Colleague: 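For reference, the structure I am asking about is given below.
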Amino acid sequence: MSKPTKPSIVFCHGIWADGSCFNKVIPALQAEGHEVMAVQYGLDTFAEDVAAVKRTLGRVSSPAILVGHSYGGATITAAGTDDRVIGLVYIAAVAPDAGETVQGQLNNYPTDVFKNVAVADGRVWLVAPEGTKCFAGDLPEQEQKVVWATHYAPAADLFEQQKLKLNDIAWKSKPSWYIVAKADRTVHPDLQRFVAKRMGATTVETNSSHVIMLSQPDLVVDVIRKAASGALSKAA
């Protein structure tokens with residue numbers, strides 16, 4: 001059986017979002033011949049979210065590239081050890097090592113967005129308009145309103161749940177690419193640079209808010225395209 005010439009692409013969203021946050025980049029990748037799916041996980045527990053990524057890997061052809069935005073960087077770090085995955089793309093994302101939590105990483109590099117949230121009913125909600133500006137400030141005002149109207153609140157303790165061991169860290173064994181958002185007020189740009197350097201990722205920096213896939217979709221498509229080609233060559 002011949003190997004596919006184009007890896008599948010599986011997207012993993014962050015908090016205050018769902019899989020539709022990748023709608024601006026999915027059509028271009030499909031047009032280029034990639035099989036694409038966006039994981040829809042519940043942001044209830046880290047373990048359930050990682051399991052959802054692995055289930056989605058089972059619905060696309062192998063090999064696959066995992067793409068994680070924000071908290072999605074933690075889910076691809078854990079799920080990416082799966083043999084079906086040949087490469088990782090991080091978009092303004094966290095990327096814990098063994099023994100680290102997402103909350104611990106964020107605490108080391110605080111940002112404005114968490115001054116503009118409300119905890120209610122066990123979930124963390126974005127407060128408009130300031131929270132939305134911290135999250136997606138370079139989008140047109142109407143798009144920012146849609147981001148807020150559709151934002152999906154995570155469980156309040158979600159960022160404390162990462163219990164990864166040394167062999168659970170995909171970026172230690174899989175090639176990685178990273179897009180740093182230089183104007184990010186949600187995940188600090190210096191945290192992004194730290195994790196990108198630590199994983200030895202091929203890194204691109206751009207003057208963007210946290211939601212690069214919405215504000216600069218062409219750049220995101222280009223990096224994923226290069227990652228797909230590069231990871232396939234290394235896996236050959």
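It should be emphasised that the depicted structure is a prediction, and the values quoted were computed from it without experimental measurement. What you see below is based on every heavy atom in this structure, not just the backbone, and it leaves out hydrogens, waters and symmetry mates.
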Colleague: Does a salt bridge link R123 with D121, judged by any charged N lying under 4.0 Å from a carboxylate O?
Modeller: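 No, this pair does not count.
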Colleague: For residues 162-170, dump all side-chain donor-acceptor pairs below 3.5 Å to protein atoms at least two apart in sequence or in another chain.
Modeller:
| from | atom 1 | to | atom 2 | distance (Å) |
| --- | --- | --- | --- | --- |
| Q162 | OE1 | V102 | N | 3.1 |
| Q162 | NE2 | L158 | O | 3.2 |
| D168 | OD2 | K165 | N | 2.7 |

Colleague: When you group the ILVMFWY residues by side-chain heavy-atom contacts below 4.5 Å and let the links chain together, are W125 and F159 in the same group?
Modeller: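 Cluster IDs for F159 and W125 differ.
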Colleague: Give a yes or no on whether a salt bridge exists between K115 and E130, defined as a side-chain N under 4.0 angstrom from a carboxylate O.
Modeller: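 Salt bridge: no.
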Colleague: Rounded at 0.5 Å granularity, tell me how far NZ in K6 sits from OG in S61.
Modeller: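 OG of S61 is found 14.5 Å from NZ of K6.
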Colleague: Looking at E48 and R55, is there a salt bridge between them, counting it only when a charged N and a carboxylate O are closer than 4.0 Å?
Modeller: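 No salt bridge links R55 with E48.
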Colleague: Could you check Y41, F22, Y71 and say which one makes a ring pair (Phe, Tyr, Trp, His ring centres under 6.0 Å) with H13?
Modeller: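 Per the ring pair (Phe, Tyr, Trp, His ring centres under 6.0 Å) rule, the option paired with H13 is Y41, out of Y41, F22, Y71.
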Colleague: Can you get from V127 to Y152 by hopping between Ile, Leu, Val, Met, Phe, Trp and Tyr side chains that sit under 4.5 Å apart?
Modeller: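 As far as the 4.5 Å side-chain criterion goes, Y152 and V127 are not connected within one cluster.
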Colleague: In Å, rounded to the nearest 0.5 Å, how long is the span from CG of D49 to NZ of K54?
Modeller: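 Output value for this atom pair is 13.0 Å.
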Colleague: Taking C-beta and beyond as the side chain, do I65 and V67 meet within less than 4.5 Å on heavy atoms?
Modeller: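 The answer is yes; the side chains approach within 4.5 Å.
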Colleague: Decide whether V124 and F114 are clustered together by the hydrophobic rule: side chain heavy atoms of Ile, Leu, Val, Met, Phe, Trp, Tyr closer than 4.5 Å, transitively.
Modeller: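 In one cluster: yes.
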Colleague: Is the gap between the ring centers of H151 and F135 under 6.0 Å?
Modeller: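 No, the ring of H151 stays outside the 6.0 Å limit from the ring of F135, centre to centre.
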Colleague: Hey, could you give me each pair passing salt bridge (charged side-chain N to carboxylate O under 4.0 Å, His left out) that has a residue in residues 85-104? Not counting sequence neighbours.
Modeller: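 Qualifying pairs, neighbours excluded: D97-K172, E100-R198.
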